[in-house]
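Single-structure report; data block below.
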Amino acid sequence: MEPTSRIIVALDFDNRRAADEVVDRLGEDGRFYKVGLELLTAAGPGLIEDLVAKGKEVFLDLKLFKIPNSVAGAVRAAGALGVSMVTVHAMGGTGIMAAAVAAARDFPRLRILALTVVTSMTSSDLADIGVTGSTATSAATSTSTTTEEQVLRLARLAEGAGCHGVIASPQEAGALRGVLGSNALIVTPGVAFPGGSAGEHARSGTPGAAVAAGASHVVVGRSVTRAVDPVAAFRLVRADLEP
Ligand code: C5P
């Protein structure tokens, strides 16, 4: 896959004008956009249809986490808009993931991605919500191990439910590729520019390191969309992905 196709730009805006401006400025460079609940709610589904009509791929980050019937309905609605990726919470279990996968079968380009552990969470956050895995006693001291264990556990569950891939942090990309094999999509938000700030991502890494470790796609948000020159920032990410 060429580097440009691996970069998903997160349109985290509260209005359509701001999103359109980024898409216009990136032009041919920007091929894949992530739309989350904020922009979907503010701008409506027409924005997604327009992106698809322009030939862009859309990752609709719905993070579905409810009963199988409503998850299936939301996936069908997303498929009808022409999106390429929809997210479902792996922590919601096999039932909702399998329902999402079944609903996606009517839409050949639609891929269901399971969200494992968001990049802002550490093992102590997992312990706070009662997720301590098999190393409960070491949760306070062995942060990355426990988080990675949970990511891998959920990834296996997602694979068993038929999901096409997972969302995880750059730090788990290598272990995930080993577990999921070569075909799975591994999408990593939480990428930081080389030498740049990780923002609130607790488990961050550069785009190049994420892809070298096994990520199929990286999600970049503010470091591109809020840059003074988004095109230059996008090209920095792309350069980082070039072999
Ligand atoms: O930080 P950035 O603006 O690059 O975020 C891009 C995407 O990464 C967001 O749309 C969100 O889905 C995800 N993210 C995350 N954890 C955070 C911050 C952002 O998973 N702490």
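The first residue of the sequence shown is numbered 1, and numbering continues consecutively from there. Basis for what follows: all heavy atoms, side chains included, without hydrogens, waters or symmetry-related copies. All ligand and atom numbering here is 1-based and tracks the order in the structure.
When each atom of ligand 1 is checked for a heavy atom of R222 under 4.0 Å away, the hits are 1 (O), 2 (P), 3 (O), 4 (O). Here is the list of ligand 1 atoms found below 4.0 Å of a heavy atom in D12: 9 (C), 10 (O). Against a heavy-atom cut-off of under 4.0 Å, K34 is close to the following atoms of ligand 1: 9 (C), 10 (O), 11 (C), 12 (O).
Ring-plane geometry between H217 and F32 is classed as perpendicular, the angle between the planes exceeding 60 degrees on a 0 to 90 degree scale with a lower cut at 30.
Contact check on E2 versus R31 returns a salt bridge, with a Lys/Arg side-chain nitrogen under 4.0 Å from an Asp/Glu carboxylate oxygen.
Checking only distances, S223 never comes within under 3.5 Å of ligand 1, N or O to N or O. Considering backbone and side-chain atoms alike, G190 places every N or O at 3.5 Å or more from each N or O of ligand 1.
With a 4.0 Å heavy-atom cut-off, ligand 1 is reached by no atom of V118. At a heavy-atom distance under 4.0 Å, only side-chain atoms of D61, from C-beta outward, approach ligand 1.
Here the side chain of T116 pairs a donor or acceptor atom with the backbone of I167 at under 3.5 angstrom. T147 contributes a side-chain N or O that, together with a main-chain N or O of S123, makes up a donor-acceptor pair within less than 3.5 Å. A donor-acceptor pair is defined here as one N or O able to donate and one able to accept, closer than 3.5 Å; such a pair exists between the side chain of R6 and the backbone of S216.
For atom 13 (C) of ligand 1, the candidate residues are S169, G221, P189, A168; the nearest heavy-atom contact is made by P189.
Here the shortest heavy-atom pairing between A43 and L47 reads CB-CB, 4.3 Å.
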